[in-house]
Amino acid sequence: MDRTLIEQKLESLRRCVVRVAAKCPAGIETLANDADLQDIVVLNLTRAVQLCVDLGAHLIAETELPAPETMGQTFDLLSQAGVLEHDLAERMKRAVGFRNLAVHQYQAIDWAIVHAICVRHLQDFRAFAQAVAARLL
């Protein structure tokens, strides 16, 4: 495993989560009506998801498990390998669903859902990062 690469990706993930936390407004209405905030939040959330998938792929490559066929399967395999708890793996798979919507159907984004992710689920990214960092020790 390329420890330096993993550490760089973990730092990028940390920066994305910090940026989302700093820019997500207290109210859904503010987010729904501010295109600049929308762009900052969604870009950093999609980057965070992608970084988690990339990190997961690196960890899986160090096991005897087959390569994931989908982004979401990355988290199933990490759960199977004991890297992630099942519940966290399920939440990360839902994050992939959000990422796919944000990347492929941006006009269909529900800003209430984005706001809920910012308020209630940034901890999932932190927990994922902790699980990955524990593998570096």
Side-chain angles (χ1 to χ4, degrees):
M1 179 177 350
D2 185 339
R3 184 181 183 93
T4 301
L5 178 66
I6 299 293
E7 289 172 347
Q8 289 170 344
K9 287 184 179 289
L10 285 170
E11 177 57 20
S12 294
L13 176 58
R14 185 196 66 75
R15 283 194 315 269
C16 287
V17 171
V18 166
R19 188 85 166 130
V20 170
K23 289 298 182 178
C24 187
I28 297 166
E29 300 79 22
T30 303
L31 182 60
N33 293 308
D34 188 325
D36 290 335
L37 285 178
Q38 291 170 2
D39 289 349
I40 292 167
V41 169
V42 170
L43 175 67
N44 281 283
L45 284 174
T46 58
R47 281 181 179 167
V49 173
Q50 188 64 53
L51 285 161
C52 290
V53 171
D54 292 351
L55 285 160
H58 282 285
L59 293 178
I60 291 166
E62 297 295 318
T63 71
E64 299 297 320
L65 294 169
E69 294 181 17
T70 65
M71 293 173 81
Q73 189 183 31
T74 301
F75 303 107
D76 288 330
L77 292 170
L78 290 173
S79 177
Q80 184 180 336
V83 175
L84 298 180
E85 292 183 12
H86 176 75
D87 290 344
L88 178 57
E90 289 299 313
R91 291 191 304 275
M92 296 307 297
K93 283 172 46 179
R94 286 194 296 276
V96 168
F98 166 77
R99 176 239 174 242
N100 291 342
L101 177 70
V103 169
H104 300 293
Q105 296 177 331
Y106 192 82
Q107 72 283 356
I109 290 178
D110 181 336
W111 296 108
I113 291 172
V114 174
H115 192 266
I117 292 168
C118 296
V119 172
R120 297 187 198 121
H121 293 286
L122 290 184
Q123 183 54 36
D124 295 340
F125 294 105
R126 293 180 189 109
F128 178 86
Q130 288 174 344
V132 172
R135 293 292 174 168
L136 295 178
L137 300 177

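One is the number of the first residue; the rest follow in order along the sequence.
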Sub-3.5 Å donor-acceptor pair from the side chain of S79 to the main-chain atoms of F75, do we have one?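 Not at all, since once roles are kept as given, no pair shorter than 3.5 Å links the two residues.
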
Does H115 use its side chain to pair, donor to acceptor, with the backbone of A26 at less than 3.5 Å?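 Yes: the side chain of H115 pairs with the backbone of A26.
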
Please test M92 against F125 for side-chain contact (heavy atoms from CB on, under 4.5 Å), starting from the C-alpha separation and ending with a verdict. CA-CA 8 Å; M92 296 307 297; F125 294 105; 4.0 Å; yes

Shared hydrophobic cluster for [X] and [Y] (ILVMFWY, side-chain gaps under 4.5 Å):
X: V83; Y: I6; answer: yes
X: L43; Y: V41; answer: no
X: I117; Y: L37; answer: yes
X: L55; Y: L65; answer: yes
X: L122; Y: I113; answer: yes

Between [atom1] of [X] and [atom2] of [Y], what distance do you get to the nearest 0.5 Å?
X: K93; Y: L84; atom1: NZ; atom2: CG; result: 11.5 Å
X: L77; Y: I60; atom1: CG; atom2: CD1; result: 4.5 Å
X: D54; Y: L59; atom1: CG; atom2: CG; result: 11.0 Å
X: C24; Y: R19; atom1: SG; atom2: CZ; result: 12.5 Å
X: L31; Y: K23; atom1: CG; atom2: NZ; result: 12.5 Å
X: L13; Y: Q50; atom1: CG; atom2: CD; result: 11.5 Å

Over all atoms of both residues, closest heavy-atom pair of [X] and [Y]:
X: A102; Y: T46; value: CB-CG2, 3.5 Å
X: G72; Y: V96; value: N-CG1, 4.1 Å
X: C16; Y: L51; value: SG-CD1, 4.1 Å

Residue of the set D39, V20, V49 for which side chain to side chain contact (heavy atoms under 4.5 Å, CB included) holds with N44: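 One option only clears the test, and that one is V20.
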
Any non-hydrogen side-chain atom of [X] less than 4.5 Å from a side-chain atom of [Y]?
X: L136; Y: L10; value: yes
X: H58; Y: E62; value: no
X: L45; Y: C118; value: yes
X: R94; Y: R99; value: no

Salt bridge (Lys or Arg N to Asp or Glu O under 4.0 Å) contacts touching residues 124-137 (sequence neighbours left out):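 Output for this query lists R91-D124.
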
Step-by-step side-chain contact (heavy atoms from CB on, under 4.5 Å) determination, N33 to W111: CA-CA 9 Å; N33 293 308; W111 296 108; over 6 Å; no

Is it the case that atom CD in E7 sees more than 12 heavy atoms from other parts of the structure closer than 6.0 Å?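 Above 12, so yes.
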
